[in-house]
Peer 1: 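This is the structure, below, for whatever I ask next.
Hydrogens, waters and symmetry mates are skipped; everything else that's a heavy atom, side chains included, is used. Chain identifiers are assigned alphabetically (A, B, ...) following the order of the sequence lines, protein sequences preceding nucleic acid strands; residue numbering begins at 1 within each chain. Nothing here was measured: the structure is a model prediction, and the numbers come from that model.
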Number of protein chains: 2
Amino acid sequence: MDYVGRLTAHLPLATRLLMVKADGSISIHADDRAYKPLNWMSPPCRLEEAPGVWRVVNKAGEELRITLEEILHDTSHELGVDPGLRKDGVEAHLQELLAATPSALGVGFTLVRREHMTAIGPVDLLCRDATGAHVAVEVKRRGDIDGVEQLTRYLELLGRDPLIAPITGVFAAQEIKPQARVLATDRGIRCVVVDYDALRGIVRDELTLF
Amino acid sequence: MDYVGRLTAHLPLATRLLMVKADGSISIHADDRAYKPLNWMSPPCRLEEAPGVWRVVNKAGEELRITLEEILHDTSHELGVDPGLRKDGVEAHLQELLAATPSALGVGFTLVRREHMTAIGPVDLLCRDATGAHVAVEVKRRGDIDGVEQLTRYLELLGRDPLIAPITGVFAAQEIKPQARVLATDRGIRCVVVDYDALRGIVRDELTLF
DNA sequence: CCATGAATTTCGTCC
DNA sequence: GGACGAAGTTCATGG
């Protein structure tokens, strides 16, 4: 294999695995390392197959030239569209930890319900503050403007519910973007930056006590 | 697929490609993107195969659990040890540029030969200085102690060759580490920091002149 | 389409 | 083994 592009690279003759995907991309693998191929061409690119030689080029003029000495095995499958990866890890776990430690959101806070349902979707956490008033909490890994808007919609809806009102909002995230903080503060929403690892430690300690 | 580790992630049921390598590492691929798998476990890790369920764990306690609904194709091959990728881009090109512009190594320098063969390997560049004396040049992208040692060995050998002696050395690199510079200077080897882009410009200009 | 920042970054090197 | 920086970084988001 020879690659001429952002750098020049060469792979000597050896037994390897070639993977050609539906988007035309190609990767060359040795028998180690899961993450990174020895060499590759990212889509969009074009594969020209000639006998014994594959040539892969992209729009930028980068080129991968693969010389095939011997084919030990060749198989092809239709995989169809992939549903894709769901990384719900941090946000879901964060919500879980905060539900277990509502005091991390404010002094005297208690949990009413997780995933409190409204007409426009579930509020992450519904709490009560030290005075007994309701608090809607939106939990995010990265606190962005979108999250503030979302919480604002919940607050507007819940504020009209006589069983809930009066209600205030807390925007809780591992990291809160400056723009989101400004918008939240302007709307009377309090921002709480959550230390994931510390919180996990607190929850673990509390469990250990019993 | 479910991953619990530095984060938590989930892949719904779909047709995918699983790649298991000799080092025990595993990767899950969809039919697009050459570079990055949907999910993976890097070595060192351990794969426990049970009927319909693969469990991959590493030392840190991260876990990949793969549920197999149906196997459409299953194949295995011995690939053997891989010679590995040679990224000869920068160093080879640097040698080429310096061969075309030996004056960048010293006033009055002329090229005798590239890759001058010796019993212990090829010297990158063999030149003559303004007085006509030989100069051995070692070219590196990053000038390290190893490079100085290498050049020293060549100088020792070539200095004993009556057809070559007397000989001096030049250590040329885009960047020279302080320790390497000290060692080189101590051994009477001159260090030259090469500006790759500037040199390329000079060579291009010279070509344009003719 | 370009700039910026995160990433289960990975990967190499220095200390 | 940990810290630091580069990578054909790749990848998503914001403007």
Side-chain angles (χ1 to χ4, degrees), chain A residues 1-11 23 25-30 32-45 56-65 84-91 93 140-149 173-180 183 196-197, chain B residues 1-11 21 23 25-30 32-45 56-65 84-91 93 140-147 173-180:
Chain A
M1 186 279 334
D2 285 284
Y3 166 74
V4 178
R6 274 169 273 185
L7 60 76
T8 308
H10 173 75
L11 272 178
D23 60 2
S25 65
I26 191 163
S27 54
I28 304 173
H29 286 262
D32 59 354
R33 273 165 304 179
Y35 187 78
K36 196 180 177 178
L38 282 168
N39 216 317
W40 70 95
M41 185 68 82
S42 299
C45 64
V56 194
V57 288
N58 70 3
K59 209 153 43 184
E62 297 171 45
E63 179 178 343
L64 202 63
R65 193 181 291 268
L85 186 69
R86 213 184 61 207
K87 290 185 190 179
D88 51 2
V90 177
E91 182 174 333
H93 201 193
K140 290 281 177 203
R141 183 167 62 104
R142 274 179 60 251
D144 226 327
I145 289 229
D146 289 349
V148 179
E149 294 289 7
Q174 277 192 287
E175 180 202 352
I176 295 180
K177 296 282 167 190
Q179 291 187 349
L183 184 66
Y196 184 83
D197 293 323
Chain B
M1 187 280 333
D2 285 283
Y3 166 74
V4 179
R6 274 169 276 187
L7 59 77
T8 309
H10 175 74
L11 272 177
K21 295 191 172 182
D23 60 1
S25 66
I26 190 164
S27 55
I28 304 173
H29 286 263
D32 59 353
R33 274 164 303 176
Y35 187 78
K36 195 181 177 179
L38 283 167
N39 216 317
W40 69 95
M41 185 69 82
S42 299
C45 63
V56 193
V57 289
N58 70 5
K59 207 153 42 182
E62 297 172 43
E63 178 178 343
L64 200 63
R65 192 182 292 269
L85 186 69
R86 212 183 63 208
K87 290 187 189 178
D88 50 3
V90 177
E91 181 173 334
H93 201 193
K140 289 283 176 201
R141 184 165 61 100
R142 275 179 59 255
D144 225 327
I145 290 229
D146 290 349
Q174 278 191 287
E175 179 201 353
I176 295 179
K177 294 283 167 193
Q179 291 187 346

Peer 1: Could you tell me how far apart B:Leu85 (CG) and D:dA7 (P) are, to the nearest whole angstrom?
Peer 2: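 My rounded result for the distance is 14 Å.
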Peer 1: With nearest nucleotide decided by heavy atoms, which residue, B:Lys36 or A:Asp146, maps closer to the 5′ end of DNA chain D?
Peer 2: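 Nearer the 5' end of the strand: B:Lys36.
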Peer 1: Applying side chain to side chain contact (heavy atoms under 4.5 Å, CB included), name anything that partners A:Ser25, two or more places apart in sequence or on another chain.
Peer 2: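 Expected list: A:Lys21, A:Asp23, A:Pro43, B:Ala34.
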Peer 1: Does a side-chain heavy-atom distance below 4.5 Å link A:Tyr35 with B:Ser27?
Peer 2: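 Result no, sub-4.5 Å side-chain heavy-atom pair not found.
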Peer 1: Tell me whether the OP1 or OP2 atom of C:dT9 has a side-chain N or O from A:Arg33 closer than 4.0 Å.
Peer 2: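 No, outside the criterion.
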Peer 1: Might you point out which heavy atoms bring A:Ala180 and A:Asp144 nearest each other, and give the distance in Å?
Peer 2: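 For A:Ala180 and A:Asp144, the tightest heavy-atom pair comes out as CB-C, 3.5 Å.
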Peer 1: Provide, to the nearest angstrom, the distance between the CD atom belonging to A:Gln174 and the C1' atom belonging to C:dG5.
Peer 2: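 The answer, rounded to whole Å, is 16 Å.
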Peer 1: With sequence neighbours excluded, what pairs up with B:Asn58 under the side chain to side chain contact (heavy atoms under 4.5 Å, CB included) test?
Peer 2: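 Result, side chain to side chain contact (heavy atoms under 4.5 Å, CB included) vs B:Asn58: B:Met41, B:Cys45, B:Ala60, B:Glu62.
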Peer 1: In terms of the nearest nucleotide of DNA chain C, which residue is placed more toward the 5' end: B:Tyr35 or A:Glu175?
Peer 2: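 Residue closer to the 5' terminus by nearest nucleotide: A:Glu175.
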Peer 1: Check the distance between C:dC11's C1' and B:Asp23's CG and give it to me in whole angstrom.
Peer 2: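 So the CG-C1' distance, B:Asp23 to C:dC11, works out to 15 Å.
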Peer 1: Does B:Arg6 make a side-chain N or O approach to OP1 or OP2 of C:dA7 shorter than 4.0 Å?
Peer 2: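 Answer is no, no contact under 4.0 Å.
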Peer 1: Which atom pair, heavy atoms only, marks the closest approach of A:Leu64 to A:Tyr3?
Peer 2: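 Scanning both residues, the minimum pair turns out to be CD1-CB, 3.7 Å.
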Peer 1: Got a sec, which residues hit salt bridge (charged side-chain N to carboxylate O under 4.0 Å, His left out) with A:Glu63, two or more places apart in sequence or on another chain?
Peer 2: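 A:Glu63 satisfies salt bridge (charged side-chain N to carboxylate O under 4.0 Å, His left out) with A:Arg55, A:Arg65 once adjacent residues are dropped.
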Peer 1: For B:His29 and D:dT10, give me the distance from atom NE2 to atom P, rounded to whole Å.
Peer 2: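 Going from B:His29 (NE2) to D:dT10 (P), I get 15 Å.
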Peer 1: Mind checking side-chain hydrogen bond (donor to acceptor under 3.5 Å, both in side chains) for B:Asp146 and listing every partner two or more places apart, or none if nothing turns up?
Peer 2: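 None.
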Peer 1: Using the test side-chain hydrogen bond (donor to acceptor under 3.5 Å, both in side chains), find all partners of B:Asp2 that sit at least two apart in sequence or belong to another chain.
Peer 2: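 Once residues adjacent in sequence are excluded, the partners of B:Asp2 under the side-chain hydrogen bond (donor to acceptor under 3.5 Å, both in side chains) criterion are B:His10.
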Peer 1: Residues in side chain to side chain contact (heavy atoms under 4.5 Å, CB included) with A:Glu175, at least two apart?
Peer 2: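 Side chain to side chain contact (heavy atoms under 4.5 Å, CB included) list for A:Glu175, sorted by chain: A:Arg142, A:Lys177.
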Peer 1: Using whole Å, report how far OH of A:Tyr3 lies from P of D:dT9.
Peer 2: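 Going from OH in A:Tyr3 over to P in D:dT9 covers 8 Å.
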Peer 1: Dump every N/O contact between nucleotides 3-5 of chain D and the protein below 3.5 Å, one line per pair.
Peer 2:
none

Peer 1: Under 3.5 Å, which protein N or O atoms sit close to an N or O of nucleotides 13-15 of chain C? Give each pair with its distance.
Peer 2:
unit_1 : atom_1 : unit_2   : atom_2 : d
C:dT13 : O3'    : B:Arg142 : NH2    : 3.2
C:dC14 : OP1    : B:Arg142 : NH2    : 2.9
C:dC14 : OP1    : B:Asp144 : OD1    : 3.3
C:dC14 : OP1    : B:Asp144 : OD2    : 2.3

